[in-house]
J.: 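Starting off with a structure, shown below.
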Amino acid sequence: MHTDHTVSIRVNGEHRRVAAGLSLAQLAADLGLVPEKVAVERNLEVVPRSTLGQVCVEDGDELEIVHFVGGGDVAPALDSWTVAGRTFRSRLIVGTGKYKDFAQNAAALEASGAEIVTVAVRRVNVSDPNAPMLTDFIDPKKVTYLPNTAGCFTAEDAIRTLRLAREAGGWDLVKLEVLGEAKTLYPDMVETLRATEILAKEGFLPMVYCVDDPIAAKRLENVGAVAIMPLGAPIGSGLGIQNQVTIRLIVEGASVPVLVDAGVGTASDAAAAMELGCDGVLMNTAIAEAKDPIMMAAAMKAGVEAGRLAYLAGRMGKRRYADPSSPLAGLI
C-alpha cells in the first residue's frame with residue numbers, strides 16, 4: 001500500500017510515482033530538463049510556463065512535456081563536439097572561396113548548417129572602400145570566423161597573417177596551413193610545426209592542416225595544436241579520402257579533435273570521413289564548384305550527419321561469404 005506522501009501520475013505515457021506537493025518545475029528538473037525550455041500540458045490543458053513553479057502535481061494527473069528540436073534533425077541528442085573549449089553542434093566547416101558572389105556563399109552556408117567558416121586574410125581594397133565585404137553577408141556575431149593562412153609558404157608569412165587577423169577581429173582560434181609548393185598544395189610539415197609552436201606560445205589556438213601521418217599529427221598536438229586536420233586528398237582535387245588507414249590511426253592516437261581537411265568531392269566522401277571517427281570535415285571547393293552549390297551544401301550536411309550516426313551505431317563486421325538474413329528454422 002502506498003503512503004499519502006506520493007501520488008501516481010503519467011508523464012508522456014509512462015506511469016510514475018512522485019512526491020506529493022511536487023511542482024511541475026521541480027518535476028521537470030528531476031527529469032533532467034530545464035523548466036524554462038519546455039512546455040507542459042496537464043490533463044489536456046497547457047500550463048503557462050510562468051506558473052510551473054506554483055502548480056503542483058496531483059494524483060491521477062496526465063502530463064505531456066515537450067520541447068522544440070530542429071526540423072528533420074536526426075543527430076543524437078547533445079551530440080556536439082568541442083575544440084579549445086568552444087562547443088559546436090554542426091560537424092561541418094565550410095570555406096568562403098570560389099563562389100560566384102557573397103550572396104551565393106551565404107545561401108550555401110545556410111543550407112549546410114555549418115557554424116564555422118574559414119576566411120582568408122587579404123588586403124583591404126583601398127581603391128574601392130565601398131566594395132562588398134564578406135561580413136556584409138555572413139555575420140561574424142552569428143557564425144564563427146576561422147581565419148586561415150591559405151597561400152602562405154613559410155612559417156613567417158603564416159604567423160604574420162594571423163597576427164594581423166587577431167588585430168583585425170580579435171580572433172585567437174585560427175586555421176594554420178603552411179604549403180610546401182604550389183603544384184600539390186601539400187603542407188610543409190617542418191614549417192608547419194615551427195609555426196604551430198610559435199603561435200601557441202603567443203596565445204593562438206591553431207587548428208592545423210597537415211599530412212595524413214600519425215607521427216606528424218602527434219608532434220603537432222605536442223607543440224600546441226588544438227585540432228589536427230589531415231588532408232583526405234590534395235586541396236581542391238575532389239578525389240575523396242585516399243588513405244583511410246592513416247586517418248583512422250590519427251583519430252585513435254589524438255587527444256584533440258581530428259577533422260578531415262581537403263579532398264572531399266561529394267557527400268559520400270564526407271560520410272566516409274565521419275565513419276572513420278573524425279570529429280568533423282572541412283570543405284570548400286566541393287560545394288562552391290558544384291553545379292548547384294546550395295543543393296550540394298545540403299547534401300554535405302546530410303552526409304556528415306549520416307556518417308556520424310553510422311560511426312556511433314557501429315557497423316557490422318565484414319564477411320567473406322554470404323550470411324542469410326532470414327531465419328532457416330521452420331523452412332518449408
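Below, each value reflects all heavy atoms present in this structure, side chains not excepted, and no hydrogens, waters or symmetry copies. Heads up: numbering here begins at 1 and tracks the sequence.
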J.: Should the pair W171 and Y145 be assigned to parallel (<30°), tilted (30 to 60°) or perpendicular (>60°) ring geometry?
T.: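 Parallel: the ring planes of W171 and Y145 meet at under 30°.
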J.: Rounded to the nearest 0.5 Å, what separates atom OH in Y209 from atom CG in L259?
T.: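 Those atoms lie 14.0 Å apart.
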J.: Quick check on E45: does its CD atom have over 12 non-hydrogen neighbours (other residues, nucleotides or ligands) under 6.0 Å away?
T.: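 Check fails, neighbour count at 12 or below.
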J.: Could you tell me whether the side chain of L109 reaches within less than 4.5 Å of the side chain of Y99, counting heavy atoms only?
T.: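 No, their side chains stay 4.5 Å or more apart.
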J.: Quick one: list whatever passes ring pair (Phe, Tyr, Trp, His ring centres under 6.0 Å) with F137, sequence neighbours left out.
T.: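 Result, ring pair (Phe, Tyr, Trp, His ring centres under 6.0 Å) vs F137: F102.
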J.: Within the 4.5 Å heavy-atom criterion, are V281 and M274 side-chain neighbours or not?
T.: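 Sidechains of M274 and V281: in contact.
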J.: Which salt bridge (charged side-chain N to carboxylate O under 4.0 Å, His left out) pairs, counting each pair once, include a residue from residues 213-227, with sequence neighbours left out?
T.: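 Matches after skipping sequence neighbours: K218-E221.
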J.: Rounded at 0.5 Å granularity, tell me how far CG in L63 sits from CD in E41.
T.: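 Rounded to the nearest 0.5 Å, the CG-CD separation comes to 9.0 Å.
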J.: Could you tell me if the side chain of L176 sits less than 4.5 Å from the side chain of V178, heavy atoms only?
T.: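 In short, these two side chains touch, coming nearer than 4.5 Å.
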J.: Do V211 and P230 make a side-chain contact, defined as non-hydrogen atoms from C-beta onward lying under 4.5 Å apart?
T.: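 No - every pair of side-chain heavy atoms lies 4.5 Å or more apart.
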J.: With Y186 as reference, evaluate L179, I235, L231 under the side-chain contact (heavy atoms from CB on, under 4.5 Å) test and give the passing residue.
T.: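 Option passing the side-chain contact (heavy atoms from CB on, under 4.5 Å) with Y186: L231.
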J.: Which is it for T96 and N284 under the side chain to side chain contact (heavy atoms under 4.5 Å, CB included) test, yes or no, and what are the steps along the way?
T.: CA-CA 7 Å; T96 52; N284 186 178; over 6 Å; no
J.: Considering all heavy atoms of both residues, which atom of A195 and which atom of I159 are nearest to each other, and what is their separation?
T.: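 Minimum heavy-atom separation between A195 and I159: CA-CD1, 4.1 Å.
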J.: Between G113 and S90, which heavy-atom pair has the shortest distance, and what is it?
T.: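 Heavy atoms of G113 and S90 come nearest at O-CB, 3.3 Å.
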J.: So if you build clusters from Ile, Leu, Val, Met, Phe, Trp, Tyr with side-chain heavy-atom gaps below 4.5 Å, do V94 and I294 land together?
T.: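 Unlinked, V94 and I294 end up in two clusters.
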J.: Between T82 and T87, is any side-chain donor less than 3.5 angstrom from a side-chain acceptor?
T.: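 Per modelled atom types, T82 and T87 side chains form a pair under 3.5 Å.
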J.: What heavy-atom pair brings K301 and A111 nearest, and what distance separates the two atoms?
T.: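 In terms of heavy atoms, the two residues are closest at CD-O, 3.8 Å.
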J.: Run the side chain to side chain contact (heavy atoms under 4.5 Å, CB included) test on R248 and V245 for me, step by step, so that the C-alpha distance in whole Å, both residues' side-chain angles and the decisive distance to 0.1 Å come before the verdict.
T.: CA-CA 5 Å; R248 186 183 292 277; V245 174; 6.0 Å; no
J.: Pairs in or reaching into residues 251-275: which pass salt bridge (charged side-chain N to carboxylate O under 4.0 Å, His left out), with residues at least two apart or in two chains?
T.: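 Non-adjacent pairs meeting salt bridge (charged side-chain N to carboxylate O under 4.0 Å, His left out): K175-D261.
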J.: Is E197 paired with K201 through a side-chain N to carboxylate O contact shorter than 4.0 Å?
T.: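 Salt bridge flag = yes for E197 with K201.
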J.: Decide whether Q26 and S23 meet the rule of one side-chain donor and one side-chain acceptor closer than 3.5 Å.
T.: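 Per modelled atom types, Q26 and S23 side chains form a pair under 3.5 Å.
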J.: Go through the side-chain N and O atoms of T6 and R17 and say whether any donor and acceptor fall under 3.5 Å apart.
T.: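 Yes.
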J.: To the nearest 0.5 angstrom, please state how far the CG atom of D157 sits from the CD atom of E191.
T.: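 Going from the CG atom of D157 to the CD atom of E191 covers 9.5 Å.
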J.: Work out which heavy atom in C210 is nearest to a heavy atom in P187; give both atom names and the distance.
T.: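 Closest approach of C210 to P187: C-CG, 3.6 Å.
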J.: Less than 4.0 angstrom from a charged side-chain N to a carboxylate O is my criterion; do D172 and R86 meet it?
T.: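 Looking at D172 and R86, the cut-off is met.
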J.: Per the side-chain contact (heavy atoms from CB on, under 4.5 Å) rule, which among I9, L24, V55 passes with D61?
T.: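 Of I9, L24, V55, side-chain contact (heavy atoms from CB on, under 4.5 Å) with D61 is met by I9 alone.
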J.: Can you find a heavy atom in the side chain of T144 that is under 4.5 Å from one in the side chain of I116?
T.: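 A side-chain contact exists here, since the closest heavy-atom pair is under 4.5 Å.
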J.: Linking I/L/V/M/F/W/Y whenever any side-chain heavy atoms sit under 4.5 Å apart, do L205 and V258 land together?
T.: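 Hydrophobic grouping puts L205 apart from V258.
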J.: Taking it one step at a time, do T161 and C152 satisfy side chain to side chain contact (heavy atoms under 4.5 Å, CB included)?
T.: CA-CA 9 Å; T161 297; C152 291; 3.6 Å; yes
J.: Run the salt-bridge test on E202 and R163 with the 4.0 Å N-O cut-off and return the result as yes or no.
T.: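 R163 and E202: salt-bridged.
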J.: Which atoms form the tightest heavy-atom contact between A120 and N148, and what is the distance?
T.: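 It is CA-OD1, 3.4 Å.
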J.: Set out, in order, the CA-CA distance, both residues' side-chain angles and the distance that settles side chain to side chain contact (heavy atoms under 4.5 Å, CB included) for R308 and R91, then state yes or no.
T.: CA-CA 9 Å; R308 177 63 179 172; R91 293 173 179 271; 3.3 Å; yes
J.: Which is it for E156 and R194 under the salt bridge (charged side-chain N to carboxylate O under 4.0 Å, His left out) test, yes or no, and what are the steps along the way?
T.: CA-CA 9 Å; E156 285 76 17; R194 190 160 65 88; 2.9 Å; yes
J.: Could you tell me whether the side chain of T192 reaches within less than 4.5 Å of the side chain of E177, counting heavy atoms only?
T.: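 The answer is no; the side chains never approach within 4.5 Å.
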J.: With a cut-off of 6.0 Å (strictly less than), are more than 12 heavy atoms of other residues, nucleotides or ligands near OH of Y311?
T.: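 For Y311, atom OH is not crowded (no more than 12 foreign heavy atoms under 6.0 Å).
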J.: M296 and V117: same hydrophobic cluster, using ILVMFWY side-chain contacts below 4.5 Å?
T.: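 Yes; V117 is reachable from M296 via cluster members.
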J.: Could you state whether M207 and L162 fall into the same hydrophobic cluster, counting links through intermediate Ile, Leu, Val, Met, Phe, Trp or Tyr residues with side-chain heavy atoms under 4.5 angstrom apart?
T.: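 Unlinked, M207 and L162 end up in two clusters.
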J.: What I'd like to find out is whether the side chain of I138 reaches to under 4.5 Å of the side chain of N105, using heavy atoms alone.
T.: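 Contact flag for I138/N105 side chains = yes.
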J.: Side-chain contact test, heavy atoms from C-beta onward, threshold under 4.5 Å: evaluate it for I241 versus I247 and give yes or no.
T.: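 When only atoms from C-beta onward are counted, I247 and I241 do touch, with a gap below 4.5 Å.
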J.: For the atom pair OG1 (T118) and CG (L282), what is the distance rounded to the nearest 0.5 Å?
T.: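 One gets 5.5 Å once the value is rounded to the nearest 0.5 Å.
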J.: Please report the interatomic distance CG(D279) to CD1(I93), rounded to the nearest 0.5 Å.
T.: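 The distance works out to 10.0 Å.
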J.: Could you report the tightest heavy-atom contact between E115 and R89, atom names first, then the distance?
T.: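 Taking E115 first and R89 second, the nearest heavy atoms are OE1-N, 2.7 Å.
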J.: Atom CZ of R166 and atom CG of L199: how far apart are they, to the nearest 0.5 Å?
T.: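 Rounded to the nearest 0.5 Å, the CZ-CG separation comes to 8.5 Å.
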J.: Test of understanding: clusters of I, L, V, M, F, W, Y form through side-chain heavy atoms closer than 4.5 Å, transitively. Do F88 and V304 belong to the same one?
T.: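 No.
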